[in-house]
Chemist: 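Below: one structure in structure tokens.
One is the number of the first residue; the rest follow in order along the sequence. Order of listing sets the numbers, starting from 1, for every ligand and every atom in it.
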Amino acid sequence: MATLAQPPLDHDRDDRKTADLYEQGKIFKKKAEVVYDGDRVKSILRSPHMMQDVFDAGAVGMKPEEVPLIFLDGKAHRDRRKHITSYFSPRYIKEHFEPLMRKTADMLVADLEKNKQLRIDEVSWQMAVTLVGDLIGVTRGKDREGMKKTAKRIENCLYATKMRTMTGWRLRYAKVRRIWDTMMFWRKDVLPTVKARRQTPQDDVISTLVKENYGDRAILADVMMLCGAGMQTTREFISMVAWHMLEKDYLKDAFLAADYEGKMGILEEILRLDPIVSTLYRRAPENLPENAKGEFTAGTRYGLSIRHANHDPALVGACPHAIDLSRKERLGDQAPMMSFGNGMHRCPGSPLAFNETLFLMDRLLRVPGIRLASSPRIEWEPNVSTFEITNVLVTCD
Ligand code: HEM
């Protein structure tokens, strides 16, 4: 990787866009022991004794196969995870996803060239839905109009998460809407794909689940989880990257001049600085083995501050709040820090998220005269403990 040009680093520089917002939203789950230290966060995420701290599926009447992969532990988790990992191998990304990423980037940027303006926070959603939808199977073979309708239905389903902070009639209405939106997505997108794959399997997640005889509810659970984990996160990431690069000419120039590894390093540094997922939770079981008791306390819930871990100077070195283009050379594979988690639940979709962002940015930032024409808005979304970026308008010559 060639050395990338950047202005001299000032030790007080703070390039974060989410620092103030995060302070507003720094609310951890009740009774959580909050962990800020980078090494400790890493060791909890990597410990085989720790469990996901979510609901008790048995208590809410769910069969194990209806629990989304991200909430499982142990063998059940390993068995389910292997259904998707092959879709993220470097070879599969290159051969299957790269042509789709390039084609989608060309199509979206053509809109900017034609209309001379474009909302990045909208195209980032279309990019994310197209790619993760293809992985799942629900957007394959759809034309642009069909794709937009699917994207809208998914957005309706996912944004039902906002109901967690609602009360009264708004909450009652949101609950009814959630059932309706999920049903529409199931009937118009998922079920037709399930039926088609029963006849003719393809290389997508729905085909794999059908082959393994998963029931309708189990298929829907994993599909919804992939939409949430893969689409919402990538949408905010693409908007964040565009915002940073369009504001800093040196960063945009360095990105466009860099080779593939160099571009990846810049994306990793932006995600380290402003991680989309700010907190993860783990629980030490009541029956914690004796040999783990020195390290963890049985029955304790740990709230892991990804943001603090990512900015811990002991792990990332000097100027932790600055974008430092030489950091990748020092940190190597560790450069994204905990932005994608770590250990057995580490995000399997990270190559998909980074490659789609890379191809879209590489195409978009080359448009002559491209510039930011608005002040992006960024809001804390307490329901999902992350932020949402809107109003990222660009124009061009
Ligand atoms: C910039 C975009 C993304 C970010 C910041 C992100 C972040 C994360 C994080 C922090 C975790 C760990 C959760 C935990 O330990 O509890 C995770 C897990 C996961 N992510 Fe991503 N992710 C992104 C994109 C994607 C994409 C594109 C996909 C593909 C569909 C995806 C699929 C998943 C899945 C399936 C899991 C659960 C893995 C498991 O439990 O074994 N993610 N992600």
Chemist: At under 4.0 Å between heavy atoms, is it the side chain or the backbone of Pro275 that contacts ligand 1, or both, or neither?
Modeler: neither
Chemist: Quick one: CZ on Arg377 to CG on Asp121, what's the gap to the nearest 0.5 Å?
Modeler: 9.0 Å
Chemist: State, without any angle test, whether Tyr214 and Thr208 hold a side-chain donor-acceptor pair at a distance under 3.5 Å.
Modeler: no
Chemist: Among protein heavy atoms, which sits nearest to atom 1 (C) of ligand 1, and what does the distance come to when rounded to 0.1 Å?
Modeler: Phe237 CB, 3.7 Å
Chemist: Among Phe237, Tyr260, Phe88, find the residue that satisfies the ring-ring contact (aromatic ring centres under 6.0 Å, His included) test when tested with Phe354.
Modeler: Phe237
Chemist: So if I apply the side chain to side chain donor-acceptor pair (under 3.5 Å) rule between Glu268 and each of Gln334, Lys263, Arg327, Lys328, which one comes out positive?
Modeler: Lys328
Chemist: What protein heavy atom lies closest to atom 22 (N) of ligand 1? Include the residue and the distance to one decimal.
Modeler: Cys347 SG, 3.1 Å
Chemist: Give me the nearest non-hydrogen protein atom to atom 26 (C) of ligand 1 as residue plus atom name, then the distance to 0.1 Å.
Modeler: Gly230 CA, 3.3 Å
Chemist: In the protein, what heavy atom is nearest to atom 6 (C) of ligand 1, and what distance, to one decimal place, separates them?
Modeler: Phe340 CD2, 3.7 Å
Chemist: Is it true that Glu356 lies under 4.0 Å from ligand 1, counting heavy atoms only?
Modeler: no
Chemist: Does the side chain of Arg307 pick up a donor-acceptor pair with the side chain of Thr18 at under 3.5 Å?
Modeler: yes
Chemist: Would Ile84 count as a contact residue for ligand 1, given that I'm defining contact as a non-hydrogen atom of the residue lying under 4.0 Å from a ligand atom?
Modeler: yes
Chemist: Which protein non-hydrogen atom lies closest to atom 13 (C) of ligand 1, naming both residue and atom, and how far is it?
Modeler: Leu280 CD2, 3.7 Å
